[in-house]
Structure formats: C-alpha cells, structure tokens
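This structure is a prediction, so every number in the text was calculated from the model and none was measured.
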Amino acid sequence: MISVKCNNCGAELSIDTHGNLICPYCGSKSFMSDIEFTEYKNLRQNMLNYLRTENDARGDRVDNNFIWSRNELLSMATKDNKTVNIRYTFYYEDEGVKTYISKDSVVNIFEKEDRNKLEATIRGISMLQYPEAAGKDLSKSFPHIKAKMELIDGRYLLAYDKPENSYPLFAFGNLRPKHVAWIVSRMENFCCVFEYSELVHGGLSTDTIFINPKTHEAFLYGGWWKARHKKDSSDNEDLKELRRISKRLLGEFIDESPELFIKFMESMPAEDAYTDFGNWDRVIVEGFGGHNFTKFQEG
C-alpha cells in the first residue's frame, strides 16, 4: 500500500473508506480508480478482519500473518557487491527519502545527494533521552538502527527493527473515535519524551507512526532527519501535528466523537507536553468514560 500526496501542495492525502482522497491542508479532492480502490479496500479489510480475529493479550507473538505475504521484492547491490533483498508490503516517500516497510524492518533509502539527511536522521535519533526508571520501556517506541550501508549507485540504506504486528497508520484509513483516542495517548507519550529530550521531531504523520492494534502500542519510525533542538515553549509543532493527525484519522467518523475530543483537536497546545498530556487525560476521563481497553474490532 502506498501513501498518496497532494498534487497541489504536496501534503499527505487522507483516504476515507469510500475511496475519496482529501487534502487536509488545501482542501483538494481526487478519487482512486476502481481498480486502485478495490485493491486498497481489500487489503484494508483483510487487515481489519485479521486484527479482529487475532486481537488478544499475546499481541507481541509472531503470528502466521498473511498480511506480510502480500509483498514486492526490491533487490539492491551494496558498494562492496553484496545483495540486499527487501520484501516490502508498504511504501511511502517523503522529501525524496524512500521508505520500504516489511514485516520486521523499516528501510530508508537516501539519495546520493541526501547524505546530510542520513546524518541528520542518525543525529536526531541520538538526541532521544529517557527518564532512568522508564528508559527501557519508552525506548521501544523509537528506532534502533540495525543496518547502515552505502549502495553501489551512491545511495544510502538505513534499516530499523520493528515488531511484526505493527503497521503504518496510513494503512488503516479512517478509524472510530475510541480507537483514535488511544493513538492520541501514544502520540502524547511521544511528545513527553521529546519534551524530556528538549527536541522537536517535526515529522509526525500517518506515514511515520506505526501501531500495534492488539497491544495499543505505537512506534515512530520516520522523519527523523527533521528533528531539531527545541528553542522555547512556542516551538510546539509536534503537539499541533498531533491534533491534525487525529482529525485525519477520524475522517468521516469525526461526528461520532465526544464534544471534549472535538474541542481538544481545535484547541491550541499547552506550553509543554506534560501539561498537554494532562489536558488530554481529562478528555479520556470525562469524554470517553475513563481508561478502558477497547479491542480493535471495527474500522
């Protein structure tokens, strides 16, 4: 599956369950062809059906997951004449960086002229810091580089490990409020780590965020070349993007959202991520009736 960009402004298009492609920034609209929409709908429905039937407490186990059997093969040669084979199911491109997603890896391919983005990605990941007591658990949500190599054509490959049962957000299309709510909680967790690390990620999107719907975990595997040191409390791009992503995920289901959730998405972020998370927690308690684990049972 491919993430689609707006021809007018270059933003990521939101895909609803009817095949409409809508730009959340400039409002441009387009439509998938019948063949494209059928393929998108079939894979999305297969994913949702799979997650309904397999949703249990053993969410980290390696299942016989047919989703990853639908893949394409990409073969590349390294500078030292070794062959790298990537069997990927999902793909997207952002600022010239190509990303291939397989069942256990996320692979970035940087163009020859984009070595600075490769170096910035490694530097951005290295900026992450965690409170000592929670470092091990929190670090699971962020990239751990497992391979870095130069390709024979001068491009660069950077690969991260990922859990098999995690999928990019763009693969799910629109989701109902109770599912989007726990995804917002995870994004707030990301932002608290950024606050502690004194950084701004700058690349939160439905491309870069992955979720495990069984365990309600989330992971941030892309856009790291955009990371920068946070200047002051007004530098709150990630908290603003969190709200835009929420609207994009809800799409046609936004009218089903509690009023407090809608107000939160329309609100300006708090001065820091910790306070913003507290504000969001009140939405969970008062708008959704508390912290209740909801199995992923519907779109």
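- Listed here is the closest heavy atom pair of Y160 and K146: O-CE, 4.0 Å.
- The closest side-chain heavy-atom distance from M187 to I209 is below 4.5 Å.
- Residues A273 and C191 share a closest heavy-atom pair of CB-O, 3.3 Å.
- Formation of a donor-acceptor pair under 3.5 Å by the E150 side chain with backbone atoms of K79 is not found in this model.
- Under 3.5 Å, the side chains of N212 and Y167 contain no donor-acceptor pair of N or O atoms.
- For E217 and K140, the salt-bridge test passes: some basic side-chain N is under 4.0 Å from an acidic carboxylate O.
- Between R87 and E72 no salt bridge is recorded (no basic side-chain N to carboxylate O distance below 4.0 Å).
- To the nearest 0.5 angstrom, I183 atom CD1 is 10.0 Å from I245 atom CD1.
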Requested in this report: Starting from the C-alpha separation in whole Å, work towards a yes-or-no answer on side chain to side chain contact (heavy atoms under 4.5 Å, CB included) for E241 and D238.
Outcome: CA-CA 5 Å; E241 191 59 41; D238 296 324; 5.6 Å; no
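- When atom types are taken as modelled, the side chain of H201 and the backbone of L220 share no donor-acceptor pair closer than 3.5 angstrom.
- Summarising the geometry of Y130 relative to F142, their closest heavy-atom pair is OH-CD1, 3.6 Å, with the distance given to 0.1 Å.
- Listed by first and then second residue, the salt bridge (charged side-chain N to carboxylate O under 4.0 Å, His left out) pairs involving residues 258-273 are K247-E266, E259-K263 (not counting sequence neighbours).
- The nearest pair of heavy atoms linking S75 to N85 is OG-OD1, 2.5 Å.
- Legend: side-chain hydrogen bond (donor to acceptor under 3.5 Å, both in side chains) pairs involving residues 280-289, not counting sequence neighbours, sorted by first then second residue: S185-W280, N279-R282, D281-H291.
- Side-chain contact check for Y91 and E93: at least one donor-acceptor pair (N or O, by modelled atom type) lies under 3.5 Å.
- Judged by distance alone, with hydrogens and angles left aside, the side-chain atoms of S205 form a donor-acceptor pair with the main-chain N or O of D207 at under 3.5 Å.
- Other members of the cluster containing V200 do not exist, because no ILVMFWY side chain is joined to it at under 4.5 Å.
- Counting heavy atoms from C-beta on, the side chains of F172 and L249 never come closer than 4.5 Å.
- Listed by chain and residue number, D153 satisfy the salt bridge (Lys or Arg N to Asp or Glu O under 4.0 Å) test with R155 (two or more places apart in sequence, or in another chain).
- By the side chain to side chain contact (heavy atoms under 4.5 Å, CB included) test, E95 pairs with K117, W225, K226, sequence neighbours left out.
- Shown here are the side chain to side chain donor-acceptor pair (under 3.5 Å) partners of K162, two or more places apart in sequence or in another chain: S166.
- With sequence neighbours left out, the side chain to side chain contact (heavy atoms under 4.5 Å, CB included) criterion links K148 to L118, I122, L158.
- Salt bridge status for E237 with R244: absent, with no side-chain N to carboxylate O gap under 4.0 Å.
- Residues satisfying the salt bridge (Lys or Arg N to Asp or Glu O under 4.0 Å) test with D232, not counting sequence neighbours, are none.
- Considering only residues two or more places apart in sequence or on other chains, K240 meets the salt bridge (Lys or Arg N to Asp or Glu O under 4.0 Å) condition with none of them.
- Heavy atoms only, all atoms of each residue included: Y92 and G222 are closest at OH-CA, 3.9 Å.
- A donor and an acceptor atom, one from each side chain of T89 and K103, are nowhere located under 3.5 Å apart.
- Atoms CG and CD, from L128 and E198 in turn, are 12.5 Å apart once rounded to the nearest 0.5 Å.
- Rounded to the nearest 0.5 angstrom, E119 CD and D114 CG are separated by 11.0 Å.
- With H179 contributing its side chain and N174 its backbone, the two residues share no donor-acceptor pair below 3.5 Å.
- Checked against the 6.0 Å centroid threshold, W68 and F90 count as a close aromatic pair.
- Legend: residues meeting side chain to side chain contact (heavy atoms under 4.5 Å, CB included) with S267, ordered by chain and number and at least two apart, are R243, F264.
- Criterion: ILVMFWY side-chain heavy atoms under 4.5 Å apart, direct or through other members. Under it, F277 and W182 are not part of a common hydrophobic cluster.
- Atom CG of L151 and atom OG1 of T78 lie 7.5 Å apart (nearest 0.5 Å).
- You'll find the side chain of W224 reaches within 4.5 Å of the side chain of P143, heavy atoms only.
- With S257 contributing its side chain and P177 its backbone, the two residues share no donor-acceptor pair below 3.5 Å.
- Across all their heavy atoms, A159 and V107 have their closest contact at CB-CG2, 4.1 Å.
- By the side chain to side chain contact (heavy atoms under 4.5 Å, CB included) test, K231 pairs with D235, sequence neighbours left out.
- To the nearest 0.5 Å, atom CD1 of residue I211 and atom CG of residue L175 are 6.5 Å apart.
- Qualifying ring pair (Phe, Tyr, Trp, His ring centres under 6.0 Å) partners for Y88, counting only residues two or more places apart in sequence or in other chains: Y100.
- Here the OG1 atom belonging to T208 is positioned 8.0 Å from the CG atom belonging to D94, to the nearest 0.5 angstrom.
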